[in-house]
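Letters A, B, ... are given to chains in the order of the sequence lines, protein chains preceding strands, and every chain is numbered from 1.
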Amino acid sequence: MAEKKSLFQEFSKGIIKENPVLCLMLGTCPTLAVTTSASNAIGMGVAATAVLICSNAVISMLRKVIPDKVRIPAYITIIAGFVTIVQMLVKAFAPAINDSLGIFLPLIVVNCIILGRAEMYASQNRVIPSILDGLGMGVGFTAALLCMGIIRELLGSGSIFGLQVLPVSILIFILPPGGFFVFGILIALANKLNTKAGKKVVENPCQGCPMSKTCKSSSVTQCEKENKEVTENAG
Amino acid sequence: MLVKSLVSVFLAAILTENYVLSKFLGICPFLGVSKKLNTALGMSVAVTFVMVLATAVTYPIYTYLLVPNDLAYLQTIVFILIIAGLVQLVEVVLKKYIPSLYQSLGVYLPLITTNCAILGVTMLVLQKVDTTAAFEYTYLHALINSLGAGIGFLVAMVMFAGVRSRLESADIPKSLKGLPITLVSASLVALSFLGFSGFVDKLIPM
């Protein structure tokens, strides 16, 4: 019984509690770029989820085989393989989505959510929890994208899923500045809800980044320093 | 004609097609490393360097190795491996031969492998070869485009570092503090770059 509950938690934590986009600040590039319409957002979300589940499963299976030193290149190769498969499938069965996602479909390779989950979760856990973790994170990613997509499409072209609902539209919301703005406001909202629930708020986008361990860039060290100060102050 | 098209490609990559502000590539370093001017500068120089180098290597491999052998579908996997290897190589070479440069740029190199701007530029350049009708898009154009993309990244980073230093002393509502206000100001910077649309075409008519 306890096992079952924890498996469900592995799945559900990605959706709200540790939402990869709104709480962990991962995968910001596709979040901003493909959310000009709700259907684009779903297409991207589903493609990334598929890659996430497969790569988590394979990396978890191989976690004892891959030497620690070359793990990042190994993960990237595995992920790139699955991205290529997804790319071919999308091209064959949903060419419209392939056209609208464009370059961001192959760019799933460098999406930090996928590498991040490989590094933080799949490399240390068994296969079934890793798959569920991937599924949960994927659903969380899709939900955040859909949320952005609906807001931007509604305000920017006055429609939802292509269905006209508003007589007026504010074009700027589907242009790049609108993407930054809507994302900023959504994170502010998530922060507000998180502080209300008494949870920590992500301040530096580097914090959740999978490369933060290997990266010695001063901003991360700085952010670690700040974190230390915060924890010391809190303690 | 050649010079004209090169200048047009270069300016377009910096201003109208800015990779950060209008194509949303490389947002992570844009938000993460732009807090201080010197780190923003170091990161952008490293990115520009790797971008040009990566394009210089991936373009011939794609056109002369992958396409003739019907392996174009391997583009993603081949490119990411080339970039990962290249970044490692640059790190080793800099460490051995130019330690002073390694000191200032080395810290950013591990981050660059997973920087979507690099992979994005190498792929978008090849898309342009097929879609540009006005003039023949050569290897030289591809390199200039990557250089422009890097400089555009630098311009955006440096401008944004300036904006963020002003934000430090501003009185901001509690919920907006930190990342949200950074994104909202990024939106305003992106808005200003929208003003360049059509600028290059008018300046240098083809």
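No part of A:Leu186 comes within reach of chain B, as not one of its non-hydrogen atoms sits under 4.5 angstrom from that chain. Neither the backbone nor the side chain of B:Ala84 comes within less than 4.5 Å of any heavy atom in chain A. Residue contact with chain B, scored on non-hydrogen atoms closer than 4.5 Å, is absent for A:Ile79. Residue B:Ile181 does not touch chain A at all, counting heavy-atom pairs closer than 4.5 Å. Contact of B:Leu119 with chain A is made through backbone and side chain together, with heavy-atom distances under 4.5 Å. For B:Leu191, the parts sitting under 4.5 Å from any heavy atom of chain A are the backbone and the side chain alike.
Atom CD1 of residue A:Ile187 and atom OG of residue B:Ser175 lie 12.5 Å apart, to the nearest 0.5 angstrom. Taking OG1 of A:Thr195 as the reference point, atom NZ of B:Lys177 lies at 12.0 Å (rounded to 0.5 Å). Between the OG1 atom of A:Thr77 and the CD1 atom of B:Ile80 there is a distance of 9.0 Å, given to the nearest 0.5 Å.
Closest non-hydrogen pair, A:Gly184 versus B:Pro180, comes out as O-CB, 3.4 Å.
With a 4.5 Å cut-off on side-chain heavy atoms, A:Phe180 and B:Val189 do not count as touching. Two residues are said to be in side-chain contact when any heavy atoms from C-beta on lie closer than 4.5 Å; A:Pro106 and B:Gln75 fail this criterion. Using a 4.5 Å heavy-atom threshold, the side chains of B:Ile118 and A:Val110 count as separate.
A side-chain contact (heavy atoms from CB on, under 4.5 Å) with B:Thr76 is found for exactly one of A:Ile108, A:Val109, A:Leu107, namely A:Val109.
By a heavy-atom distance cut of under 4.5 Å, A:Gly81, A:Val83, A:Thr84, A:Gln87, A:Met88 are the residues of residues 81-97 of chain A near chain B, going up by number. Proximity to chain B at a heavy-atom threshold of 4.5 Å picks out A:Thr28, A:Cys29, A:Leu32, A:Ala33 from residues 28-54 of chain A, in numerical order.
Most heavy-atom pairs under 4.5 Å with chain A, from the set B:Val20, B:Asn38, B:Leu188, B:Ile77: that is B:Ile77. In terms of heavy-atom pairs under 4.5 Å with chain A, the best-connected choice from B:Leu21, B:Thr182, B:Val78 is B:Leu21. Between chain A and the options B:Gly120, B:Pro173, B:Ser185, the largest number of non-hydrogen pairs under 4.5 Å is found for B:Gly120. In terms of heavy-atom pairs under 4.5 Å with chain A, the best-connected choice from B:Gln127, B:Met123, B:Lys174 is B:Met123.
B:Phe79 CZ: more than 12 foreign heavy atoms inside a 6.0 Å radius.
Sorted by first and then second residue, the side chain to side chain donor-acceptor pair (under 3.5 Å) pairs with a member in residues 55-64 of chain B read B:Thr55-B:Ser146; sequence neighbours excluded.
Counting only distance, with no hydrogens or angles, the side chain of B:Ser187 and the backbone of A:Pro177 share a donor-acceptor pair below 3.5 Å.
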Which pairs of donor and acceptor atoms, one on a side chain in residues 22-29 of chain B, lie under 3.5 Å apart (sequence neighbours left out)?
residue, atom, partner, partner atom, Å
B:Ser22, OG, B:Asn18, N, 3.4
B:Ser22, OG, B:Asn18, O, 3.0
B:Lys23, NZ, B:Glu17, OE1, 3.4

